[in-house]
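In what follows, a single structure is set out as structure tokens and then discussed.
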Amino acid sequence: MSNAAEQVEQEEIDLTGANQVIDKYLDMHGALMPVLQEIQEVYGYVPEPCVHLVAERLNVYSSQIYGVLTFYAQFHLEPRGKYIVRVCMGTACHVKGAGRIGDTLKDRLGVGHAETTEDLKFTAEYVACIGACGMAPVIMVNDATYGSMTVNKMNEVIDKYVKMD
């Protein structure tokens, strides 16, 4: 478990948002997926206390909920960074140096794939394909796409987000 996850586990989680989501779907059969999706929108991930709350209120076993959460890649059980940095590792990006960019990002942030920095500012992800092969190599920070990346350009992009906030 990452330090970021341990840090959040020690904090109290306000379940008001989760209760509001569950209230919307309480009488709807088969509402587990939309409930979990909306809870993730509220918290940025699905905290363990929310899993137990959903289990209790929707009368579903926690193990069933964890089955859903671990089957679908869209769900996250640990807190994620404010900025999700995705490095495309598709064929076009790989050929044009995505590996070096990924290695530099790892060194720069001190986290590997699917890990989050301790300050919860960045999460690094290496993805199979972003779908922008014509701009290879490509990284994305949240919804912003940056093409024709070099190690220096990637560092400039990260610097930009470090200075935000």
Side-chain angles (χ1 to χ4, degrees), residues 1-90 93 102 105-106 108-132 135 138-147 154 157-165:
M1 184 178 306
S2 73
N3 289 337
E6 292 170 5
Q7 180 182 3
V8 169
E9 278 189 43
Q10 294 172 358
E11 297 175 13
E12 286 289 321
I13 303 266
D14 180 1
L15 295 174
T16 303
N19 274 311
Q20 290 172 342
V21 170
I22 295 167
D23 288 345
K24 288 177 21 185
Y25 294 95
L26 202 53
D27 297 324
M28 188 181 298
H29 181 71
L32 184 58
M33 284 290 287
V35 165
L36 294 175
Q37 288 167 332
E38 286 194 33
I39 285 174
Q40 184 163 275
E41 283 179 28
V42 171
Y43 296 95
Y45 71 109
V46 182
E48 184 177 346
C50 290
V51 171
H52 298 300
L53 179 67
V54 170
E56 180 183 319
R57 294 203 56 208
L58 294 184
N59 197 25
V60 177
Y61 290 110
S62 294
S63 60
Q64 290 176 293
I65 296 170
Y66 279 114
V68 170
L69 293 172
T70 56
F71 182 80
Y72 293 101
Q74 67 177 293
F75 292 114
H76 305 284
L77 293 168
E78 293 185 6
R80 294 168 45 98
K82 181 175 182 178
Y83 303 110
I84 310 299
V85 182
R86 293 178 178 92
V87 179
C88 182
M89 295 293 183
C93 290
L105 181 67
K106 181 179 179 181
R108 173 78 190 266
L109 299 179
V111 295
H113 170 67
E115 293 180 348
T116 301
T117 58
E118 286 187 29
D119 63 0
L120 299 176
K121 192 153 189 167
F122 293 99
T123 296
E125 293 182 347
Y126 308 133
V127 298
C129 185
I130 286 176
M135 300 167 48
V138 176
I139 69 167
M140 288 184 73
V141 180
N142 294 347
D143 293 329
T145 304
Y146 300 90
M154 192 265 320
V157 170
I158 298 302
D159 286 343
K160 172 182 158 186
Y161 288 94
V162 165
K163 292 175 184 170
M164 292 177 143
D165 300 335

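Everything numeric here is computed off the predicted structure, so don't read it as measured data.
- Expressed to the nearest 0.5 Å, how far OH of Y45 lies from OG1 of T116 amounts to 10.5 Å.
- Heavy atoms only, all atoms of each residue included: P79 and L120 are closest at CB-CD2, 4.0 Å.
- When all heavy atoms of I130 and C88 are compared, the closest pair comes out as N-SG, 3.4 Å.
- Going from atom CG of L58 over to atom OH of Y25 covers 11.5 Å, rounded to the nearest 0.5 Å.
- Looking at every heavy atom in both residues, A132 comes nearest to V138 through O-CG2, 3.4 Å.
- Summarising the geometry, atom CZ belonging to R86 is positioned 9.5 Å from atom OG1 belonging to T145; distances are rounded to the nearest 0.5 Å.
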The test is side-chain contact (heavy atoms from CB on, under 4.5 Å); show your working for V85 and M154 and say whether it passes. CA-CA 10 Å; V85 182; M154 192 265 320; 5.8 Å; no

Is there a side-chain contact (heavy atoms from CB on, under 4.5 Å) between T70 and L77? Walk through the geometry before answering. CA-CA 8 Å; T70 56; L77 293 168; 4.1 Å; yes

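- Remark: the backbone N or O of A18 is paired with a side-chain donor or acceptor of Y43 at under 3.5 angstrom.
- By the 6.0 Å contact criterion, CD on E56 is open, its count of non-hydrogen atoms from other residues, nucleotides or ligands being 12 or less.
- No donor-acceptor pair closer than 3.5 Å links the side chain of T117 to the backbone N or O of L109.
- Applying side-chain contact (heavy atoms from CB on, under 4.5 Å) to V54 and the options I39, V46, N59 leaves one that passes, I39.
- Going from atom CZ of F75 over to atom CD of Q37 covers 4.5 Å, rounded to the nearest 0.5 Å.
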Run the side-chain contact (heavy atoms from CB on, under 4.5 Å) test on H52 and I65 for me, step by step, so that the C-alpha distance in whole Å, both residues' side-chain angles and the decisive distance to 0.1 Å come before the verdict. CA-CA 9 Å; H52 298 300; I65 296 170; over 6 Å; no

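- In this structure, CG in L69 is found 9.0 Å from CE in M33, a value given to the nearest 0.5 Å.
- Residues satisfying the ring pair (Phe, Tyr, Trp, His ring centres under 6.0 Å) criterion with Y126, sequence neighbours excluded, are H113.
- Minimum interatomic distance between G112 and K106 (heavy atoms only, all atoms of both residues): CA-CG, 4.2 Å.
- Inter-residue side-chain proximity for R108 and F122 is flagged as unmet; no heavy-atom pair is nearer than 4.5 Å.
- Nearest heavy atoms, H76 versus Q40: N-OE1, 2.7 Å.
- M164 CE to K121 NZ: the interatomic distance, rounded to the nearest 0.5 Å, is 9.0 Å.
- Counting heavy-atom neighbours within 6.0 Å of D27 CG, excluding the residue itself, gives a total of 12 or less.
- Of all heavy-atom pairs spanning V42 and G17, the tightest one is CG1-CA, 4.2 Å.
- For the pair K82 and D119, the salt-bridge criterion is not met [side-chain N within less than 4.0 Å of a carboxylate O].
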